[in-house]
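Here's the structure we're looking at; comments come further down.
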Amino acid sequence: MKKIYCDNLASLPQVAQEIIEVCKDEKIWVFKGQMGAGKTTLIKAIAKEMGVVDLVSSPTFSIVNEYSSEQGQQFYHFDFYRVDDSEEVLEIGVEEYFYSGAYCWIEWAERIPEYIPDTFQLISIQVDEKGWRVISISKIVNGAQHG
């Protein structure tokens with residue numbers, strides 16, 4: 001497991017680069033953290049570092065936002081916070097997104113656990129007593145944590 005400490009917004013580009021370096025080989029990235037921990041803010045920084053040219057915002061109401069990079073690469077950003085019935089996500093074709101080969105950044109995956117692929121990068125954000133973000137990265141393979 002890799003840990004990254006972020007004490008201010010100015011260090012976000014460097015933090016985003018570290019996360020990209022660790023996670024780049026896996027297309028499904030699950031972001032976990034309490035409300036207000038900074039999941040969307042971190043995804044915005046990652047998107048910028050990966051060359052996304054679209055406006056990155058929380059897909060809380062639309063469930064999924066689609067972004068493109070300067071090279072035309074597709075990225076999908078999900079927020080399942082408002083999902084009451086996990087079967088709702090089948091209507092948006094969530095499985096097609098997850099298995100499209102594009103990067104998928106997922107917030108509130110715990111609301112739809114049965115649809116999350118078996119292998120993904122888990123990026124957990126915790127806020128410590130100083131207000132710093134402690135970001136832990138682990139690879140999940142068939143439900144088991146590796147590294």
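Treat the numbers as computed from the prediction; the structure is a model and nothing was measured. Index from 1, following the sequence.
For Tyr81, the OH atom is loosely surrounded, since the number of other residues' heavy atoms within 6.0 Å does not exceed 12. Within a 6.0 Å radius of CD in Glu66, more than 12 heavy atoms belonging to other residues, nucleotides or ligands are found.
For the pair Asp84 and Arg111, the minimum side-chain heavy-atom distance is below 4.5 Å. Here the side chains of Phe120 and Val141 are not in contact, with every heavy-atom distance at 4.5 Å or above. Residues Asn65 and Val56 fail the side-chain proximity criterion, which asks for heavy atoms closer than 4.5 Å. No side-chain heavy atom of Lys3 sits under 4.5 Å from any side-chain heavy atom of Ile135. Proximity of Phe80 to Val94: side-chain heavy atoms (C-beta onward) are separated by under 4.5 Å at one or more points.
Qualifying salt bridge (Lys or Arg N to Asp or Glu O under 4.0 Å) partners for Lys48, counting only residues two or more places apart in sequence or in other chains: none. Every residue two or more places apart in sequence or in another chain that forms a salt bridge (Lys or Arg N to Asp or Glu O under 4.0 Å) with Glu26 is listed here: Lys139. For Glu114, the side chain to side chain donor-acceptor pair (under 3.5 Å) partners at least two apart in sequence or on another chain are Ser86.
Interatomic distance, Glu21 CD to Lys2 NZ, rounded to the nearest 0.5 Å: 9.5 Å. In this structure, CE on Met1 lies 5.0 Å from OG on Ser136, to the nearest 0.5 angstrom. Rounded to the nearest 0.5 angstrom, Ile106 CD1 and Ile116 CD1 are separated by 4.0 Å.
Counting only distance, with no hydrogens or angles, the side chain of Ser69 and the backbone of Gln73 share a donor-acceptor pair below 3.5 Å. Looking only at distances, no side-chain donor or acceptor of Arg82 sits under 3.5 Å from a matching main-chain atom of Ile63.
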Side-chain donor-acceptor distances from residues 122-131 under 3.5 Å, at least two apart:
{"unit_1": "Asp128", "atom_1": "OD1", "unit_2": "Lys130", "atom_2": "N", "d": "2.9"}
{"unit_1": "Asp128", "atom_1": "OD1", "unit_2": "Gly131", "atom_2": "N", "d": "3.1"}
{"unit_1": "Asp128", "atom_1": "OD1", "unit_2": "Trp132", "atom_2": "N", "d": "2.9"}

Donor-acceptor pairs under 3.5 Å, side chain of residues 4-13 to any protein atom, not counting sequence neighbours: which ones?
{"unit_1": "Asn8", "atom_1": "OD1", "unit_2": "Ala10", "atom_2": "N", "d": "2.9"}
{"unit_1": "Asn8", "atom_1": "OD1", "unit_2": "Ser11", "atom_2": "N", "d": "3.0"}
{"unit_1": "Ser11", "atom_1": "OG", "unit_2": "Asn8", "atom_2": "O", "d": "2.8"}

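A continuous path of Ile, Leu, Val, Met, Phe, Trp and Tyr side chains, each step under 4.5 Å between heavy atoms, connects Phe98 with Leu90, placing both in one hydrophobic cluster. In this structure, Val134 is not a member of the same hydrophobic cluster as Met35, with clusters built from ILVMFWY side-chain heavy atoms closer than 4.5 Å. Ile112 and Val64 fall within the same hydrophobic cluster, defined by Ile, Leu, Val, Met, Phe, Trp and Tyr side-chain heavy atoms under 4.5 Å apart, directly or through other members.
Between Trp108 and Gly33 the shortest heavy-atom distance is CH2-O, 3.9 Å. Considering all non-hydrogen atoms of both residues, Ile92 and Tyr97 come closest at O-CE1, 3.2 Å. Between Ser57 and Lys44, the closest heavy-atom pair is CA-CE, 4.2 Å. Of all non-hydrogen atoms in Asp79 and Ser58, the two that sit nearest each other are OD2-OG, 3.2 Å.
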Open item on the list: Please evaluate residues Ile43 and Trp29 with respect to the criterion side-chain contact (heavy atoms from CB on, under 4.5 Å), reporting the C-alpha separation (whole Å), side-chain torsions for both, the decisive distance (0.1 Å), and the verdict.
Closed with: CA-CA 10 Å; Ile43 290 170; Trp29 300 7; over 6 Å; no
TODO: Could you go through the side-chain contact (heavy atoms from CB on, under 4.5 Å) check for Trp105 and Tyr67 one step at a time?
DONE: CA-CA 11 Å; Trp105 301 319; Tyr67 312 124; 4.1 Å; yes
Open item on the list: Thr40 vs His77, test: side-chain contact (heavy atoms from CB on, under 4.5 Å). Steps then yes/no.
Closed with: CA-CA 9 Å; Thr40 301; His77 178 192; 4.3 Å; yes
Open item on the list: Run Gln121 and Ile140 through side-chain contact (heavy atoms from CB on, under 4.5 Å) and show every step you take.
Closed with: CA-CA 6 Å; Gln121 289 289 352; Ile140 306 298; over 6 Å; no
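Donor-acceptor pairing under 3.5 Å is lacking for the side chains of Gln74 and Ser100.
Using the six-membered ring where Trp is involved, Tyr103 and Phe75 have ring planes that are parallel, under 30° apart on the 30 and 60° scheme. Note on ring orientation: taking the six-membered ring where Trp is involved, the planes of Tyr76 and Phe78 are tilted (angle from 30° to 60°).
Membership of an apolar cluster is not assigned to Leu55, as no side-chain contact below 4.5 Å to another ILVMFWY residue is traced.
Lys39 forms no cation-pi arrangement with Phe31, by the criterion of a distance under 6.0 Å to the ring centre and an angle within 45° of the ring axis.
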